[in-house]
Amino acid sequence: MVSAGESRGAKGEMMESGMSSRGRWLTWTILGSWALLCSLQWGWLPFMRYGWALNLWAYQPLPVGVLLAVSGLSISIPAVRQALIEFGDGLVGALESRSMTAPVSGAVVFALLWLLSDNELSPDAMVFGGAIFQGYEFIFPDVGTTWIIFSLIRLESAFELTDMQVVRILSCLTGGFTVGLLVSMARRGMLGPTRTFGLAAALLISSGLIRVFAGRVEAYPLLLLAVASYVWLALRYLNEKRGWYLTCLVAGIAVWLHGAAIGLGLSLFFLPRLASDEIPWTVWLGLLVRGAFISAIPSALFFLGLILLGNELSLQAAVARAVEILGGSEAETSTRWWVRGWGGDPSIGTDLVFASWQQLKYLANTAFLLCPSAIPVLLVLFVLKGRQLGRDATLLFLAALCLPLVVYSFALRPFWGPYDWDLFSITALSLILLQGYALELSVQGALRKHVAVWLVAFQLLFVGAPFLALRFVPLRDAGPFFKD
């Protein structure tokens, strides 16, 4: 006979042995990924030598890269990972008892973004300035975002302010609010069992996507905040069955801000069904019809106001741009918005053929910059845990959020090449959310924290920190981000 105490002891030894085995596999995986990423950063792999997002270390002196490489190598040591875990738990624990984790996180991120904000105007800022000078109220399809930005710039001019400081502050504020929303999702258990800071928030902060919020005069900071707000409300509806019409309204505001938010429609369509498997199709259809009406209100009211105010210049430009996007413009100066088919002719700007090596390489560079670990992690998890993941309603919602945006990324043409790196920001945010939740669902116990430390640390060392550092004058000309 075996006593209960002996049985529990044997079970504990088996669990410890299993954790030790998985820990060894993790260490070897970290070492392998470290060697690969260092090779990419220093251009040692010929077939990826001209990847414009893979060599961020090369802009800085060699000692900086060596320091980052040594820091990355230290993550392979379990004791170092454990020390980082304990430090993070202690930091969050000080705020957790007062429910201050989300607001304090947002405030800290805002302050850091302002300190590290870009010191030069982006190309889009120049375009915005020209449009304002010509009398436009907005630019289609970034309708709401450009209208807000144009209004703030005009307000600055009235008070004789310069350099678009108000818009820069707004950009940093949206970053703080977006991170705060992701932390709030984690605290409420919307993004998995870890209810502290939240893996998705850490993955966002450590990636190149965070630079979108670093004082850039762009349309995407406001759009990303709207998408994060939509996801927060949608996951609350999924868990608590309340707030359907508010969720639809925020989705409509996102579409008003930028036309790319139409991609939220698929996840919104399936949301009632995912919230309740037994919902009658008539009730589902009624929710969708009323939800579509609510979603259309922001854009409808805006354009109705423009018509009543008689701003024909902006309206005519919007119609002409819509025709151009749909491929109906035959003007010589028209811009091609979508990647070229196999039989099409090249046009001005970056010319990419659908599913060509050039397009795949461009998208790989962009993904590495904006959401470095999302695609490889998701591929591994869906191969190993696909059946388990496919039964979870939240994961299916996030997958429905990602799918149209990934398709959009394959169809959209980055006119300015590497300088259009932020064009796919909304797709990157959706992939980060899916990655964070899938990891929380698939990896259990202490191993989950060690994996999280590895991914966040590597993203910060290989992408996030060196990419933010480029706001300071790089010392070496290593690619398109160099400014003399």
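Using cut-offs of 30° and 60° for the angle between ring planes, the Y230 and F397 rings count as tilted. Relative orientation of the F458 and F462 rings is tilted, given thresholds of 30° and 60° on the angle between their planes. Between F481 and W52, the ring planes are perpendicular. Angles over 60° get that label, and only those under 30° would be called parallel.
A search for ring-ring contact (aromatic ring centres under 6.0 Å, His included) contacts involving W284 returns F269, not counting sequence neighbours.
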TODO: Would you please test F138 and F150 for ring pair (Phe, Tyr, Trp, His ring centres under 6.0 Å) and show each step?
DONE: CA-CA 7 Å; F138 65 91; F150 289 8; 8.4 Å; no
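Taking 4.0 Å as the cut-off between side-chain N and carboxylate O, R413 and D420 do not count as a salt-bridged pair.
In the model, Q459 has no side-chain atom that pairs as donor or acceptor with a side-chain atom of S207 under 3.5 Å. Remark: the W232 side chain and the S184 side chain contain an N/O donor-acceptor pair separated by less than 3.5 Å.
Evaluation of the salt bridge (Lys or Arg N to Asp or Glu O under 4.0 Å) test over residues 211-234, restricted to residues two or more places apart or in two chains, returns D118-R211, D118-R216, R216-E218, R216-D422. Annotation: ring-ring contact (aromatic ring centres under 6.0 Å, His included) contacts involving residues 198-227, sequence neighbours excluded, comprise Y220-H258.
A donor-acceptor contact shorter than 3.5 Å links the side chain of Y362 to the backbone of G417. Judged by distance alone, with hydrogens and angles left aside, the side-chain atoms of Q359 form a donor-acceptor pair with the main-chain N or O of A355 at under 3.5 Å.
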